[in-house]
Asks: 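Before I ask anything, here is the structure I am working with.
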Amino acid sequence: MNRLTTLGISLAFAFGAGQVAAADDTMTAPQVRAALEAQGYTKVNDVKFDDGMWKADARSADGQRVELRIDPATGKVFPEDSVATLSEDDVRAKLAVAGYGNVHDVEFDDGVWTAEAEDARGKDLKLTLDPATGEVVGKARD
């Protein structure tokens with residue numbers, strides 16, 4: 001194997017450890033920043049992809065500091081103070097219907113539901129779910 005290929009593989013493992021590879025329709029950090037600014041957020045910083053979701057710190061329209069979770073495909077913003085309209089049982093049921101098994105550690109935190117589960121191939125994942133719909137919006141290897 002040549003040195004460039006080895007370096008590329010090493011960087012891919014180092015950067016991607018613990019995360020599911022991003023799909024082609026995943027927003028880039030500059031796109032996330034622009035989308036947040038277009039929605040009225042200012043002083044957007046610490047934009048990073050973590051646990052299958054974009055995360056950022058910003059100031060809301062009223063100047064309050066907020067932590068945000070951003071759907072990597074759609075750019076939908078989930079502020080840390082979002083309120084869940086689903087119960088834990090609702091989330092478990094939605095994950096079962098979506099084909100996930102061994103669902104555990106379901107909790108509402110920082111404006112989103114999170115859960116650990118196995119996909120149809122038996123791989124352990126950490127899932128992030130929309131607090132209103134229960135749709136999986138982020139996946140990372142557990």
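These numbers come from the heavy atoms of this one structure, side chains and all, not from hydrogens, waters or symmetry mates.
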Asks: Do D46 and K55 come close enough that some side-chain heavy atom pair is under 4.5 Å?
Replies: no

Asks: Heavy atoms only: give me the nearest A132-T85 pair and the separation to one decimal.
Replies: CA-OG1, 3.2 Å

Asks: Within the 3.5 Å criterion, strictly below it, is a donor on D89 or S87 matched to an acceptor on the partner's side chain?
Replies: no

Asks: So that I can tick it off, tell me whether K76 and D130 are bridged by a salt bridge, with the cut-off set at under 4.0 angstrom between side-chain N and carboxylate O.
Replies: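 Between K76 and D130 there is a salt bridge, with a charged N closer than 4.0 Å to a carboxylate O.
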
Asks: Spell out, yes or no, whether V77 and V32 are grouped together once hydrophobic residues are joined by side-chain heavy atoms under 4.5 Å, including indirect joins.
Replies: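 Cluster IDs for V77 and V32 match.
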
Asks: Quick one: are Q64 and R59 in side-chain contact, heavy atoms under 4.5 Å?
Replies: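 No, side chains not in contact.
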
Asks: Are W54 and V137 in one and the same hydrophobic cluster, where Ile, Leu, Val, Met, Phe, Trp and Tyr link if side-chain heavy atoms are under 4.5 Å apart?
Replies: no

Asks: Taking R65 for the side chain and D57 for the main chain, is one N or O donor matched with an acceptor at less than 3.5 Å?
Replies: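 No, because the side chain of R65 does not come within donor-acceptor range (under 3.5 Å) of the backbone of D57.
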
Asks: Which heavy atom of S60 sits nearest to which heavy atom of Y41, and what is that distance?
Replies: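 So the two residues come closest at CA-CD2, 4.0 Å.
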
Asks: Crowded around K126 NZ? As in, over 12 foreign heavy atoms under 6.0 Å?
Replies: no

Asks: For the residue pair P72 and F49, what are the closest heavy atoms and their distance?
Replies: CB-CE1, 3.8 Å

Asks: Do you know which two heavy atoms are closest between G111 and F78, and how far apart they sit?
Replies: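 Closest pair (atom of G111, atom of F78, distance): O-CB, 4.1 Å.
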
Asks: Roughly how far, to the nearest 0.5 Å, is CZ of R69 from CE of M53?
Replies: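 Reported value, rounded in 0.5 Å steps: 7.5 Å.
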
Asks: Starting at CZ of F108, measure out to OG of S82 and round the result to the nearest 0.5 Å.
Replies: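 Between atom CZ of F108 and atom OG of S82 there are 6.0 Å.
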
Asks: How many angstroms lie between CD in Q31 and CG in L36, if you round to the nearest 0.5 Å?
Replies: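 Q31 CD to L36 CG: 12.0 Å, rounded to 0.5 Å.
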
Asks: Please examine the side chains of Y100 and L127, heavy atoms only from C-beta on, and report whether any two atoms are closer than 4.5 Å.
Replies: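 The answer is yes, as the side chains (C-beta and beyond) meet within the 4.5 Å cut-off.
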
Asks: How long is the span from the CD atom in E135 to the CG atom in D71, to the nearest 0.5 Å?
Replies: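 The CG atom of D71 is 7.0 Å from CD of E135, to the nearest 0.5 Å.
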
Asks: Is M27 reachable from V47 through a run of hydrophobic residues whose side-chain heavy atoms are each under 4.5 Å from the next?
Replies: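 Yes, because V47 and M27 connect within a single hydrophobic cluster, where side-chain heavy atoms sit under 4.5 Å apart.
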
Asks: With side-chain contact (heavy atoms from CB on, under 4.5 Å) as the test, would you mind laying out the steps for L129 and L86 before giving the verdict?
Replies: CA-CA 10 Å; L129 297 92; L86 300 173; over 6 Å; no

Asks: Listed by chain and number, what are the salt bridge (Lys or Arg N to Asp or Glu O under 4.0 Å) partners of R92, not counting sequence neighbours?
Replies: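 Partners of R92 by the salt bridge (Lys or Arg N to Asp or Glu O under 4.0 Å) criterion, ordered by chain and then number, come out as E88.
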
Asks: Determine, using the 4.5 Å side-chain heavy-atom cutoff (strictly less than), whether I70 and V44 are members of one ILVMFWY cluster.
Replies: yes

Asks: Identify all side-chain donor-acceptor contacts of residues 117-125 below 3.5 Å with residues at least two apart in sequence or on another chain.
Replies:
unit_1 : atom_1 : unit_2 : atom_2 : d
D119   : OD1    : R121   : N      : 2.9
D119   : OD1    : G122   : N      : 3.0
D119   : OD1    : K123   : N      : 2.9

Asks: Distance from E80 atom CD to D110 atom CG, nearest 0.5 Å?
Replies: 6.0 Å

Asks: Please report the shortest heavy-atom distance between A115 and L95, naming the atom on each side.
Replies: CB-CD1, 3.8 Å

